[in-house]
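Have a look at the structure below, then the notes.
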Amino acid sequence: MLSSLLLFTKHHVNDAFTFVTGKTFFFRLGMVPVLYVTDPELVREINLCRSLDLGKPAYLQKDRGPLLGKGLITTNCAVWTHQRKTIAPNLYVDKVKVMLPLVIESAKALVKSWESMVESEGGVADIRVDEYVRNFTGTTAEAMIQILMEGAKHGELGPSTPEQFVVDNCKDLYLAAFEVTGISAIWGLMLLASHPEWQERARAEVLEVFGSNALDSRILGKMKVLKMVVQEVLRLYPGVAFVSREALQDVKLGKLVVPKGVNIWIWLLELQQDPKLWGPDADKFNPGRFANGVSGACKNSQAYIPFGVGARICPGQSLAIWEMRVMFAVILANFSLSLSPNYHHIPNFGLLLEPKYGVNLLVGKI
Ligand code: HEM
């Protein structure tokens with residue numbers, strides 16, 4: 001686990017950069033100075049900080065440049081501001097509502113392909129779900145590319161040319177819209193399959209609310225259990241396992257001054273599963289903890305940040321949540337799920353937190 005590596009490499013510094021003891025500490029990863037944060041109060045300060053001096057780390061560009069391009073995820077300052085202004089408004093809730101029929105159609109296509117597999121296997125099929133889920137999230141990724149083309153024509157691009165803007169952001173949106181949402185949905189199916197009691201509760205709600213109605217935003221909004229399930233999936237398996245920043249100038253965060261050049265890592269796996277904040281069942285799948293919202297589920301709502309914080313918070317969060325809800329609703333209305341003997345639980349942290357060998361489920365028609 002990376003967290004144990006961090007503990008192993010941590011050491012204290014005693015220069016002008018003094019810092020809180022406990023779970024916030026400073027270490028160096030090669031030449032990169034890193035402030036490791038799991039204190040929700042410090043997360044609050046980062047969340048409140050709107051300064052462009054708190055940007056994305058340079059190593060993302062250096063090491064991940066070929067993968068991520070120079071799009072919204074990795075750029076800083078003026079380039080980022082222009083890109084964000086052009087892209088983010090297209091992901092506001094009213095725009096996402098317009099995309100919903102596309103998402104629902106895509107979920108129905110997944111159901112169709114599983115139905116024929118289940119039928120040909122005589123009632124229960126052992127399905128490696130990853131590819132089907134990625135086909136599902138791929139549909140909206142394509143819609144995102146359209147948005148980029150429009151943005152390139154009409155947006156305020158600042159220093160980017162329209163061609164540069166599209167190329168740089170295609171990679172980012174592909175990774176974000178397709179990969180991260182896909183991985184989160186795959187973890188969600190694994191968790192529903194391994195917790196039959198929650199699968200039953202969510203299905204009962206889906207069948208009651210959905211019934212013979214056509215799925216739309218109003219119907220989805222009524223599915224309270226499903227909402228809690230999605231929240232809990234993103235708590236236990238945040239696809240983006242840590243949120244990072246670099247102080248591009250000296251930055252004041254509450255009482256702490258973070259010197260220029262220092263990176264900040266907020267390790268979500270620890271923050272979102274800390275028993276002191278979430279209770280003794282912090283490592284268990286219990287969507288019911290969200291019955292009274294995030295503030296009812298943990299002692300400090302800053303400890304739940306699956307979509308990041310502050311000015312760089314994920315602009316695609318509404319779309320991602322709706323996609324997951326639609327997919328779970330449509331699957332639960334049609335199929336029962338359990339873990340296949342071919343599933344091996346090996347979460348793997350590369351760029352994202354994903355199941356190393358994919359997820360195999362036994363899928364039956366209900
Ligand atoms: C469950 C799915 C998703 C999760 C868990 C997720 C999570 C995150 C996180 C943690 C960040 C970093 C925020 C920060 O540094 O504070 C981020 C950034 C971003 N996400 Fe998402 N995301 C998801 C889906 C999406 C979707 C569907 C889109 C687009 C359609 C999207 C677009 C982006 C972009 C463009 C950024 C960079 C924003 C910036 O730096 O200004 N994400 N996401």
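Ligands are counted one by one from 1 in listed order, and the atoms in each one are counted from 1 as well.
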Where ligand 1 meets W80 - atom numbers and elements under 4.0 angstrom, heavy-atom basis
39 (C), 40 (O), 41 (O)

Hey, are the side chains of F328 and V206 touching, using non-hydrogen atoms and a 4.5 Å cut-off?
no

Determine whether more than 12 heavy atoms belonging to other residues, nucleotides or ligands lie under 6.0 Å from atom NZ of K365.
yes

Could you establish whether P238 and ligand 1 come within less than 4.0 Å of each other, counting only heavy atoms on the residue side?
no

Sequence neighbours excluded, every pair satisfying salt bridge (Lys or Arg N to Asp or Glu O under 4.0 Å) that has a member inside residues 343-353:
none

Considering all heavy atoms of both residues, which atom of Q199 and which atom of F335 are nearest to each other, and what is their separation?
OE1-O, 4.4 Å

Measure D172 to ligand 1 on non-hydrogen atoms and call it side chain, backbone, both or neither using the 4.0 Å cut-off.
neither

Ignoring hydrogens, just give me the one of E179, M99, R84 whose non-hydrogen atom is nearest atom 38 (C) of ligand 1.
R84

With no hydrogens and no angle check, just 3.5 Å: does a side-chain donor-acceptor pair link R28 and N263?
no

Atom 12 (C) of ligand 1: which protein heavy atom is closest, and how many Å away?
K56 NZ, 4.0 Å

Among I73, T181, N47, which one has a heavy atom closest to atom 27 (C) of ligand 1?
T181

Which protein heavy atom lies closest to atom 40 (O) of ligand 1, and at what distance to 0.1 Å?
R312 NE, 2.8 Å

Residue, atom and distance of the protein heavy atom nearest atom 7 (C) of ligand 1 read P306 O, 3.5 Å

N-O pairing of D53 and K260 below 4.0 Å:
no

For T181 versus E323, what's the shortest heavy-atom pair and its separation?
CG2-OE1, 3.6 Å

In terms of side-chain geometry, is the basic nitrogen of E105 or K112 positioned less than 4.0 Å from the acidic oxygen of its partner?
no

Got the closest protein heavy atom to atom 30 (C) of ligand 1, with its distance?
M144 SD, 3.3 Å

Which protein heavy atom lies closest to atom 35 (C) of ligand 1, and at what distance to 0.1 Å?
L72 CD2, 3.5 Å

Only heavy atoms of V243, strictly under 4.0 Å: list the atoms of ligand 1 that pass.
14 (C), 15 (O), 16 (O)

Among all protein heavy atoms in this structure, tell me which lies nearest to atom 16 (O) of ligand 1, with the distance rounded to 0.1 Å.
R245 NH2, 2.7 Å

What are the atoms of ligand 1, with element, lying closer than 4.0 Å to any heavy atom of L91?
30 (C)

For atom 21 (Fe) of ligand 1, every protein N/O/S atom that sits closer than 2.8 Å, waters excluded
C314 SG

Starting at OH of Y132, measure out to CG of L110 and round the result to the nearest 0.5 Å.
8.5 Å

Show me, pair by pair, the donor-acceptor contacts under 3.5 angstrom made by side chains of residues 234-244, not counting sequence neighbours?
from	atom 1	to	atom 2	distance (Å)
R235	NE	E232	OE1	2.7
R235	NH1	Q272	O	2.8
R235	NH1	A282	O	2.7
R235	NH2	E232	OE2	3.0
R235	NH2	A282	O	2.8
R235	NH2	K284	O	3.1
Y237	OH	H345	NE2	3.0

Relative to ligand 1, is S184 under 4.0 angstrom through side chain, backbone, both or neither, heavy atoms considered?
side chain

Checking K227 against F290: charged group under 6.0 Å from the ring centre and within 45 degrees of the axis?
no

Listed pairs under 3.5 Å, donor-acceptor, residues 185-198 side chains, sequence neighbours left out:
from	atom 1	to	atom 2	distance (Å)
W187	NE1	L353	O	3.0
S194	OG	M190	O	2.9
S194	OG	L191	O	3.3
H195	ND1	L191	O	2.9

Non-hydrogen atoms of Q83 versus ligand 1: any pair closer than 4.0 Å?
no

Minimum side-chain heavy-atom gap W80-R312 below 4.5 Å
yes

